[in-house]
Amino acid sequence: MGSFFSTMFTPPTAGDDPNSAVVAAHSKATYDHQWEAAKSSGKLMVIDFSASWCGPCRFIEPAFKEMASRFTDVVFVKIDVDELADVARTWKVEAMPTFVLAKGGKEVSRVVGAKKDELERKIGMFRSS
């Protein structure tokens with residue numbers, strides 16, 4: 001019975017939550033805009049490639065949102081691989097979640113899997129470099 005009620009309310013995904021610092025890119029145009037802005041600003045951009053059906057993606061989502069609220073000098077973008085498959089292919093994403101860290105228009109690192117500590121460590125390392 002509990003599972004019945006829990007399926008009646010699905011919380012918004014990180015990028016769709018108006019209180020989240022994570023930008024949900026539901027279109028190539030939105031992604032391109034975020035990419036160009038981060039590239040020209042020299043800010044670190046963390047791209048979360050995930051899928052709505054991916055359990056580990058849902059598991060790490062609250063931590064990703066929390067990092068976005070804490071690291072305000074970093075651009076956090078969430079991409080659903082089923083919506084923007086071309087973008088995922090461009091970055092050669094093969095598993096979810098995959099977090100690509102890019103700076104100055106180039107990939108500087110990546111984390112494959114729901115590895116919160118590793119992701120946080122890499123963000124700390126590359127945001128100030």
Side-chain angles (χ1 to χ4, degrees):
M1 181 124 147
S3 65
F4 170 78
F5 288 111
S6 65
T7 59
M8 292 177 63
F9 173 73
T10 304
T13 59
D16 293 329
D17 180 349
N19 299 318
S20 175
V22 178
V23 176
H26 293 291
S27 71
K28 179 88 166 63
T30 301
Y31 164 76
D32 287 342
H33 173 76
Q34 291 298 320
W35 173 251
E36 290 302 322
K39 193 165 74 169
S40 64
S41 73
K43 287 184 175 184
L44 177 65
M45 182 178 197
V46 182
I47 311 166
D48 172 11
F49 289 96
S50 62
S52 59
W53 46 263
C54 167
C57 300
R58 289 193 307 267
F59 173 76
I60 197 166
E61 188 170 338
F64 189 69
K65 286 173 65 173
E66 188 276 327
M67 286 181 225
S69 67
R70 209 164 12 106
F71 298 120
T72 57
D73 57 335
V74 176
V75 178
F76 288 80
V77 176
K78 180 181 175 86
I79 292 180
D80 185 311
V81 298
D82 293 324
E83 285 183 347
L84 295 178
D86 289 345
V87 176
R89 270 193 295 280
T90 299
W91 287 103
K92 297 177 176 51
V93 173
E94 297 177 356
M96 275 80 64
T98 292
F99 300 93
V100 174
L101 288 77
K103 196 167 191 178
K106 294 183 171 64
E107 180 176 338
V108 293
S109 192
R110 111 175 7 211
V111 175
V112 179
K115 300 173 184 165
K116 175 187 169 293
D117 294 339
E118 182 181 346
L119 178 61
E120 191 165 359
R121 182 178 53 78
K122 287 186 175 187
I123 290 170
M125 183 173 28
F126 289 107
R127 68 188 266 248
S128 58
S129 63

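Treat the numbers as computed from the prediction; the structure is a model and nothing was measured.
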[atom2] on [Y] to [atom1] on [X], rounded to 0.5 Å:
{"X": "Glu94", "Y": "Lys92", "atom1": "CD", "atom2": "NZ", "answer": "9.5 Å"}
{"X": "Asp48", "Y": "Lys65", "atom1": "CG", "atom2": "NZ", "answer": "12.0 Å"}
{"X": "Ser27", "Y": "His33", "atom1": "OG", "atom2": "NE2", "answer": "10.5 Å"}
{"X": "Lys116", "Y": "Met67", "atom1": "NZ", "atom2": "CE", "answer": "5.5 Å"}
{"X": "Leu84", "Y": "Lys28", "atom1": "CG", "atom2": "NZ", "answer": "8.5 Å"}
{"X": "Ser50", "Y": "Phe59", "atom1": "OG", "atom2": "CZ", "answer": "15.0 Å"}

Closest approach of [X] and [Y], non-hydrogen atoms and distance?
{"X": "Pro56", "Y": "Pro97", "answer": "CB-CD, 3.9 Å"}
{"X": "Ala51", "Y": "Val81", "answer": "CB-CG2, 4.0 Å"}
{"X": "Glu118", "Y": "Arg110", "answer": "OE2-O, 4.4 Å"}
{"X": "Ala37", "Y": "Ser40", "answer": "O-OG, 3.2 Å"}
{"X": "Val77", "Y": "Val22", "answer": "C-CG1, 4.3 Å"}
{"X": "Ser52", "Y": "Asp80", "answer": "N-OD2, 3.6 Å"}

Run the salt-bridge test on Glu36 and Lys39 with the 4.0 Å N-O cut-off and return the result as yes or no. yes
So that I can tick it off, tell me whether Glu120 and Arg70 are bridged by a salt bridge, with the cut-off set at under 4.0 angstrom between side-chain N and carboxylate O.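 The answer is yes: the pair qualifies as a salt bridge.
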Is Val112 reachable from Ile47 through a run of hydrophobic residues whose side-chain heavy atoms are each under 4.5 Å from the next? no
Any side-chain heavy-atom pair of Phe71 and Leu44 under 4.5 Å: no
For residues Val75 and Val23, determine if any side-chain heavy atom of one lies less than 4.5 Å from a side-chain heavy atom of the other. no
Say whether, by atom type as modelled, one donor and one acceptor occur between the side chain of Lys103 and the main chain of Phe126 under 3.5 angstrom.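 Present.
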Residue of the set Trp35, Phe99, Tyr31 for which ring-ring contact (aromatic ring centres under 6.0 Å, His included) holds with Trp91: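 Of all the options given, the one that passes is Trp35.
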What residue among Asp117, Val100, Val46, Leu119 forms side chain to side chain contact (heavy atoms under 4.5 Å, CB included) with Val111?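 By the side chain to side chain contact (heavy atoms under 4.5 Å, CB included) criterion, Val111 pairs with just one of Asp117, Val100, Val46, Leu119: Leu119.
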